[in-house]
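One structure is given here, and the rest of the page talks about it.
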Amino acid sequence: MEKILMKQIVTRFAPSPTGTLHIGGVRTALFNYVYAKQNQGKFLIRIEDTDIERSTKEFENNILNNLSSIGLTPDEKPINQSERNDIYIKAAEKIIESGNAYWCDCSQEDLEEMRKAQTEAGKKPMYDGRSRNLGLKRSEKTVLRLATPESGEIIVNDLIRGEIKFNNTELDDLILLRSDGSPTYHLCNVVDDYEQKVTTVIRGEDHISNTPRQIHIQNALGYPELEYAHLPLVLGTDKKRLSKRNAATSLEEYRDQGYLDSAILNTLARLGWSQGDKDVFYMDDLIKDFDIRDVQKAGAIFDITKLDWLNSQHLSDLSLDSFKEQLEPFLQKLDIDINDHEHVDLLIDSMRTSDNTFSGIARSLVPYYKDIKEYDAKALEKFVADKNLLEELKDLLSEVEDWNQDNINDVLKDFQIKKELSVPAVNQPIRISLTGSTKSPGLGLTLCLFGKEKSIDRISNLLNFLS
RNA sequence: GUCCCGUUCGUCUAGAGGCCUAGGACACCGGGUUUUCAUCCCGGCAACAGGGGUUCGACUCCCCUACGGGAUGCCA
């Protein structure tokens with residue numbers, strides 16, 4: 001039997017390089033990527049750099065590098081709209097020939113005045129088509145406008161939202177070519193989706209109202225229909241669209257803080273989508289389980305505490321080797337060589353859960369690699385009232401021959417019982433001596449981690465500090 | 001203003017007319033384990049925006065209102 005030929009699914013992420021890669025953008029790219037992969041399709045990237053004023057190569061590189069390093073690699077080399085001008089011009093000419101576009105010589109001032117009048121009259125500001133039947137010729141001050149049908153409606157069938165209807169009377173004649181001859185966003189976008197054989201447009205819901213305009217351009221060009229999915233927006237805690245004003249937005253900031261790529265992706269995927277009671281997802285799970293039709297319609301607030309928790313989950317799934325490898329750069333930033341410790345593996349393994357992020361864990365490791373600069377004042381006040389006790393403990397530990405956890409614990413326990421002291425009264429002063437705070441792995445283990453000599457030294461240091 | 005999209009615990013969400021005394025997770029609070037902290041375990045708090053319909057029955061369907069968001073550019 002002849003195999004039924006299904007169209008290969010092609011999705012694309014089309015950022016404009018006017019800023020660094022935004023986590024909202026990462027989410028859009030992720031959904032595009034996953035949708036393509038689960039359908040054996042292709043995921044493409046297109047740089048929409050037609051705004052020469054604001055687009056920079058630097059931002060473009062940032063976006064491209066960050067996307068690929070987080071694993072969202074495109075299946076083809078990304079294309080730049082700025083290099084495809086002739087293709088858009090050709091398409092525009094085709095629309096002119098079909099009679100679906102016209103030249104308009106309204107000045108910016110004319111338009112402003114028109115909009116002002118419309119607003120004052122309580123109407124929707126939109127181009128009124130005044131040049132439509134003037135039969136103007138092209139000149140330096142004309143723009144090319146699409147002749148949008150004056151009646152009828154466009155129905156967008158959205159994978160997430162279902163049917164969305166737009167009355168053509170609500171749409172004005174958008175500009176296809178600027179007066180300098182350059183093509184605008186809508187034209188380029190439509191032409192490239194066709195040229196790149198895109199089948200499915202997955203983008204933010206801020207593009208919903210752009211969709212009918214773009215469909216009109218497609219129609220004028222005779223292009224086939226596309227599938228659409230408009231994602232709910234990622235919001236800040238103020239319920240406003242996520243921006244620099246209400247949160248850290250660039251992907252790099254999160255990575256620098258020590259969040260795992262997989263945890264960032266997991267968090268972003270769970271923003272607007274869920275599958276049963278499961279919370280922890282890796283890329284493979286997403287490709288298997290994700291369903292674009294299950295995506296939520298309402299915007300979702302990006303909550304850092306969720307990322308924290310998910311990161312701790314992903315962190316605990318890491319092997320010790322992988323954990324160490326990824327932690328290393330964060331220690332380097334603190335001028336610490338991870339291997340500059342006698343019991344590296346034991347140390348790192350016992351400190352894995354000390355924080356939710358690599359940077360936090362690195363910070364809590366500092367006392368194990370470097371001399372203590374300061375002691376937790378509250379801890380001192382509470383547990384080190386008696387210097388003599390600490391002196392006694394120092395002598396006691398100095399006498400331990402075989403420096404191992406059991407021996408140390410036994411010695412301390414005997415001392416505590418003999419002196420009729422509480423456990424913390426004995427242990428905390430030692431802990432503070434070693435780490436500067438009351439936090440550390442089990443005390444016997446901690447003392448072993450430091451070794452006899454260094455442990456005694458640090459107790460002496462605290463004694464000196466106190467006098 | 002107009003058009004479009006949306007509205008379940010603080011947050012992310014489950015819920016496709018009876019399974020809902022509205023479930024889970026995070027956060028938070030309390031307890032246990034840990035000689036400390038973290039981890040881990042147990043428990044608790046907490047929501048269907050409001051009003052009308054439709055129906056024997058509505059978180060679920062329809063309408064209105066309110067609120068939020070988006071669009072309304074020779075930006076993308």
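Just so we're on the same page: letters track the sequence lines, and every chain starts at 1. Side chains included, hydrogens not; waters and symmetry mates left out as well; all remaining heavy atoms used.
The ring pair (Phe, Tyr, Trp, His ring centres under 6.0 Å) test with A:Phe290 is passed by exactly one of A:Phe31, A:Phe281, A:Tyr282: A:Phe31.
Close placement of the A:Phe465 and A:Tyr375 rings is indicated, their centers lying within 6.0 Å of each other.
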Review point. Reading nucleotides 5-13 of chain B from the 5' end, what letters show protein touch, with B for base, S for backbone sugar-phosphate only, - for no heavy atom under 4.0 Å?
Key: SSS---SBS

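For the residue pair A:Asp49 and A:Asn80, a side-chain donor N or O sits within less than 3.5 Å of a side-chain acceptor on the partner. A:Glu227 and A:Thr200 share a donor-acceptor pair across their side chains, judged by distance under 3.5 Å alone. No donor-acceptor contact under 3.5 angstrom links the side chains of A:Asp51 and A:Tyr185, judged on distance only. One side chain, A:Asp110 or A:Ser107, offers a donor N or O that lies under 3.5 Å from an acceptor on the other.
Dashed line: the shortest gap from a side-chain N or O of A:Lys240 to OP1 or OP2 of B:rG68 is not under 4.0 Å. Listed pair A:Ser179 / B:rC74 fails the phosphate criterion, with no side-chain N or O lying under 4.0 Å from OP1 or OP2.
Looking at A:Asn427, its side chain has no donor and acceptor atom pair within 3.5 Å of the base of B:rU36.
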Report, one pair per line, the protein and nucleotides 37-39 of chain B atoms (nitrogen or oxygen only) whose separation is under 3.5 Å.
from	atom 1	to	atom 2	distance (Å)
B:rA38	O2'	A:Thr353	O	2.0
B:rA38	N3	A:Thr353	OG1	3.0

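Distance, A:Asp238 CG to B:rG70 P: 10 Å, rounded to whole Å.
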